[in-house]
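Note that the coordinates shown come from a computational prediction; the quantities given were computed from them, not determined experimentally. Only heavy atoms go into these numbers, but all of them, side chains included; no hydrogens, no water, no symmetry mates. Index from 1, following the sequence.
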Amino acid sequence: MSFKQPDAEELAGVQRLKELIARAQPPIQYTFGDTTLLRFYRGRKGIEEDAFKAIVKHAHWRDEHDVDNITKHINLFQREMDAKKFVVK
């Protein structure tokens, strides 16, 4: 899959998403890069409201599952693997 350069409309959409994120209440703690915002924008067919809702949901999922600190939990994962609580294929 190749990367398609964004057109002017998409760049403007990404900028508007940045503005929505900056004004979000409660604040979104995660920093999204332009490429990621473009993926959300394109994934929601250019509908900014839908893209923003998906971004908020994604940010909350990251917080809920503490993804940014995943390496801090490696011992827990290892214990669960050792106890065969789940299978790695």
Test log, rule side chain to side chain contact (heavy atoms under 4.5 Å, CB included), inputs Leu20 and Glu49: CA-CA 9 Å; Leu20 288 170; Glu49 183 179 327; over 6 Å; no
Verdict with supporting geometry, Tyr30 and Ile55, side chain to side chain contact (heavy atoms under 4.5 Å, CB included): CA-CA 10 Å; Tyr30 185 73; Ile55 289 165; over 6 Å; no
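The two atoms that bring Ala51 and Phe40 nearest to each other are CB-O, 3.7 Å, heavy atoms only. Between Lys4 and Arg42, the shortest heavy-atom distance links the atoms O-NH2, 2.7 Å. Listed here is the closest heavy atom pair of Arg16 and Tyr41: NH2-OH, 4.5 Å.
The CG atom of Asn69 sits 10.0 Å away from the CZ atom of Arg62 when rounded to the nearest 0.5 Å. Atom NE2 in His60 sits 9.5 Å away from atom CD in Gln29 (nearest 0.5 Å). To the nearest 0.5 Å, the span separating CG on Leu11 from CD on Gln5 amounts to 9.0 Å. The distance from atom CZ of Arg23 to atom CZ of Phe52, rounded to the nearest 0.5 Å, is 8.5 Å.
In this structure the side chain of Arg44 never reaches within 4.5 angstrom of the side chain of Lys53, judged on heavy atoms. A 4.5 Å side-chain heavy-atom check between Leu37 and Ile21 finds at least one atom pair inside the cut-off. With a 4.5 Å cut-off on side-chain heavy atoms, Phe32 and Val14 do not count as touching. You'll find the side chain of Leu38 reaches within 4.5 Å of the side chain of Phe3, heavy atoms only.
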